[in-house]
Amino acid sequence: MLLKKSLLCVSITTLLAGVSHNVIADDIEHVEIRAERMASDLNSIARNVSVIDEQMLRTQFSSAQNIAEVLAKTVPGMAPPTPALTNFGTTLRGRNALVLIDGVPMNTNRNISRDLHNLHPAQVERVEIFRGGNALYGSGATGGVIYIYTKGGQQASEIASSIEVKNGAYTLAQSFVGEVNDWQYRIGASYENVDSFSDADGDRLAVEPSQGDSFDSDIFSFDAKVSRTWNEQSLSLSVLSYVLEQDTEYASDPSVKALPYISKAQSIKGLQLDKQNQINNLVFNVGYQNQLSDNNKLSAQFYYRDYDARFAPFDGRPYATWNHLAQTYLQSTNLGLKLTINSKLADNFELDWGFDAQDERSEMPVTTYDGEVYDNSGYLVFKETGDKAFVPEISHRTLAAFAQARASVTEQLGVEAGIRAERIDASFEDFTTLGQAVAISGSSYDYSSTVYNLGVTYDINDNHTVYVAFNEGYELPDIGLQIRYASSQFDLSQSSLQPIESTDREIGWRGELGTVSLSAAYFVSESDLGGVKSEGMGLSVSRNKVEIDGFEIASSWDITNNLSADFSYSKANGDEKPQNAEQFRQMNGFSIAPSKFTAQLNYDITSNWRTNLTLMRSGSKDYRLEGKNAFGRRDVESYTLVDFNSQIELEQGTVSVGIENLFNNQYFPVYSQLQRNGNNTSSIPGRGRTFSVKYRLVW
């Protein structure tokens, strides 16, 4: 929330996130934050920010499958990547991040943790990551904001075609950009055929049985954007579509459940399941800007999102709250309006103010299957028996007003302060629970939250800046976690559904010492109520008091004109106090990731040939309480990954080569070691050495 345009600190943290060039002191003023409500002429910022531009995204995508992996491998404070089709456990500073695509929120109240899996790499132009509590965009950013920009049009006409071969599968992409009658346009489409992968031992990786994966999938993407500027006004219209459909014959062999922890999950062939993991994300977006006067600028955005996602089946027959062999899927729509006015009240003082409105409707039914057929087939054949309600349609209507002021008190001292007040009305209709067939009467409830922020930056000299910040964020609890297992007396006005309100404090320094850029930040995040936790398969829920603290250290070194190195280290500690408990205990590994060290070595062999080595080391941590294993509580071992990327610009086109897991290290990601589904069928190793070659031609 405390962010500005032309920012000093971005030069350091940007490099660590993978910016394609090194920023030295003379270039700092050219680095800009583009996210709406973040722009300012003031060149200071009271938080850590990372920026990943299009060039570095192309480099990193050569050895990564999606944007979630790129961010998890490179951004300080973000948990390591998972092997699943989820960002569950991929927290930012120990809390959830709000993901925005061109300003449109990807989160839903029925949190399914696929926010970073809703667009294709071919559609991404730039990513900005704001770490720390943030309420400027509304609910969900207690850990920070991940703002993703999609590609747009330009004046110069360009036709780009590409083909990529990775691990025996391929991706085809085509785009057209240019200008017609003062309208800049872009039309892009891609098709990706995702194959299976092997671990370092050469064994086929088992499919992920809890959150799902993209093995043996077809991925289709389409995007179109037109924009025009006239008379100090601008208008843009865009559509974004992303479809993932899985069709695999493999399952995770259930026999591995009986083996000791941690035993590698094994693939078994013969799966017969018509409806598999799926994502459909469709977004319509309209943006309008008008320079009302010399000192006032209006920005408005209207969006509509239609979203659905399907997961792997779950055998819930042993649990009273399920009592079915069933497969969940989410259906959601979101209609929103954002209005911001930027007012320059003086040469050194400006104010952003406005309001947001949003109407979200989400429901989660299940497809049920014949348990006897499933058992007799060796857990491979799924015969549908119909759909039933699991979580009814929940309506969320929000209305918020905000104001954010920025001032340069002196040439060295900058101050930001803001407030946001929001009201949320939630409701659902009558329904019957899945497991115990309990009739639940519909009810409604209204939430309200008012949060504040304050930040101060001080330029010690041209090369060193310190800052302190106080930020409040909030996040609505997952109502569906309670409704789906509710008793007949359930009512939304229960106290356990109060919003999560976090208080963040941060102090940081960034500086330049010759050709070395350095930054350091220490942060504390606290909330009296954490997220709703479902325990005993929904037989009870709890809200824990949460205390998190940690630090991030980063550096960038221009060794020569052609060689540079970037490093970062981040570590967080988290404690929680369960309801009615007297003492705190450490949080589990899905909330607080182990320490993470990252390094990048960038070398320009020639002006047309760039190479990159990316290293990520995930530390070890024992999350057990009194040595006992539980959900998210295992003794996690450390591991190291090294990726190689290279790009060569030819007379006709560009060739990109990527090698993931260069040294073919056999390892289990943190997610797999923690066993998301509680047994070895989710103990899936990381991918072994994987090669990719891409050819891109611009006509």
Side-chain angles (χ1 to χ4, degrees), residues 84-86 110 112 114 196 204 206-218 244-259 265-280 308-331 362-393 430-440 480-481 483-486 534 536-539 675-682 684:
L85 191 65
T86 183
R110 177 74 275 268
I112 62 169
R114 284 187 174 174
S196 61
R204 178 189 171 106
V207 297
E208 209 287 319
S210 175
Q211 297 290 288
D213 55 44
S214 59
F215 293 176
D216 302 320
S217 295
D218 293 313
L244 181 149
E245 296 178 342
Q246 186 180 53
D247 184 15
T248 184
E249 299 179 303
Y250 289 86
S252 189
D253 190 344
S255 65
V256 76
K257 295 178 183 179
L259 300 179
Q266 302 290 332
S267 283
I268 181 173
K269 193 174 182 179
L271 177 67
Q272 296 182 33
L273 175 63
D274 290 337
K275 300 174 181 177
Q276 300 185 16
N277 286 290
Q278 187 176 17
I279 295 175
N280 288 280
D308 62 83
R310 183 174 288 271
F311 295 83
F314 172 69
D315 189 358
R317 290 174 295 171
Y319 309 102
T321 51
W322 277 72
N323 200 29
H324 287 78
L325 175 65
Q327 178 187 39
T328 60
Y329 60 98
L330 177 78
Q331 296 176 324
S362 297
E363 64 177 317
M364 182 171 270
V366 297
T367 300
T368 61
Y369 297 94
D370 189 314
E372 184 176 353
V373 171
Y374 174 70
D375 293 338
N376 294 336
S377 69
Y379 314 110
L380 291 171
V381 177
F382 291 84
K383 181 181 178 181
E384 288 189 31
T385 56
D387 286 8
K388 293 186 176 182
F390 185 46
V391 177
E393 181 179 275
D430 298 351
F431 87 108
T432 301
T433 63
L434 176 67
Q436 298 174 311
V438 177
I440 308 296
L481 283 177
I483 294 181
R484 63 186 185 181
Y485 304 135
S534 175
M537 289 308 297
L539 295 177
Q675 295 190 325
R676 174 62 174 79
N677 70 348
N679 63 67
N680 285 318
T681 55
S682 66
I684 301 170

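Between Glu208 and Leu85, every side-chain heavy-atom pair lies at or beyond the 4.5 Å cut-off. Looking at heavy atoms from C-beta onward, Asp247 lies out of side-chain contact with Asp216 at the 4.5 angstrom threshold. In this structure, Asn677 and Phe314 have side chains that are not in contact, with every pair of non-hydrogen atoms separated by 4.5 Å or more. Contact annotation: the side chain of His324 never approaches that of Thr385 to less than 4.5 Å [non-hydrogen atoms, C-beta and beyond]. In this structure, the side chains of Lys257 and Thr681 come closer than 4.5 Å at one or more pairs of heavy atoms. Two residues are said to be in side-chain contact when any heavy atoms from C-beta on lie closer than 4.5 Å; Asn277 and Ser214 fail this criterion. Side-chain contact between Phe311 and Arg114 is present, with at least one heavy-atom pair separated by less than 4.5 Å.
The side-chain tip of Arg484 does not point at the ring of Phe390 from less than 6.0 angstrom away and within 45° of straight on.
In this structure, Ser210 OG and Ile684 CD1 are separated by 9.5 Å, a value rounded to the nearest 0.5 Å. Interatomic distance, Glu363 CD to Gln331 CD, rounded to the nearest 0.5 Å: 5.0 Å. Note that CZ of Arg204 and CD of Gln266 are 12.0 Å apart. Values are rounded to the nearest 0.5 Å. With values rounded to the nearest 0.5 angstrom, Thr368 atom OG1 is found 5.5 Å from Lys388 atom NZ.
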Query raised in the report: Where do Asp375 and Arg317 land on the side-chain contact (heavy atoms from CB on, under 4.5 Å) test, with the steps shown first?
Result: CA-CA 12 Å; Asp375 293 338; Arg317 290 174 295 171; 2.8 Å; yes
Requested in this report: Give the intermediate values and the outcome of side-chain contact (heavy atoms from CB on, under 4.5 Å) for residues Leu481 and Arg110.
Outcome: CA-CA 8 Å; Leu481 283 177; Arg110 177 74 275 268; 3.8 Å; yes
Query raised in the report: Where do Thr86 and Arg676 land on the side chain to side chain donor-acceptor pair (under 3.5 Å) test, with the steps shown first?
Result: CA-CA 11 Å; Thr86 183; Arg676 174 62 174 79; over 6 Å; no
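Between Val207 and Asp213 the shortest heavy-atom distance is CA-OD2, 3.0 Å. For the residue pair Leu330 and Ser362, the shortest heavy atom distance occurs at CD1-CB, 4.2 Å. Tyr250 approaches Leu271 most closely through the heavy-atom pair O-CD2, 3.3 Å. Considering all non-hydrogen atoms of both residues, Pro313 and Phe382 come closest at CB-CE2, 3.5 Å. Of all the heavy atoms in Leu325 and Gly371, the pair that sits closest is CD2-CA, 4.2 Å. Contact detail for Ala206 and Ala265: the closest heavy-atom pair is CB-CB, 3.8 Å.
The salt bridge (Lys or Arg N to Asp or Glu O under 4.0 Å) test applied to Asp253 returns no partner, not counting sequence neighbours. Partners of Tyr379 by ring pair (Phe, Tyr, Trp, His ring centres under 6.0 Å), not counting sequence neighbours, listed by chain and number: Tyr374. Qualifying salt bridge (Lys or Arg N to Asp or Glu O under 4.0 Å) partners for Lys275, counting only residues two or more places apart in sequence or in other chains: Glu384.
Between the side chains of Gln675 and Asn680, at least one donor N or O lies within less than 3.5 Å of an accepting N or O.
In this structure, the side chain of Gln246 engages the main chain of Phe215 through a donor-acceptor pair within 3.5 Å. Judged purely by atom type and a 3.5 angstrom limit, Gln327 has no side-chain atom pairing as donor or acceptor with the backbone of Arg310. Checking side-chain atoms of Thr433 against main-chain N and O of Tyr485 turns up no donor-acceptor pair under 3.5 Å.
Open room surrounds CG on Asp274; 12 or fewer heavy atoms of other groups in view lie less than 6.0 Å from it.
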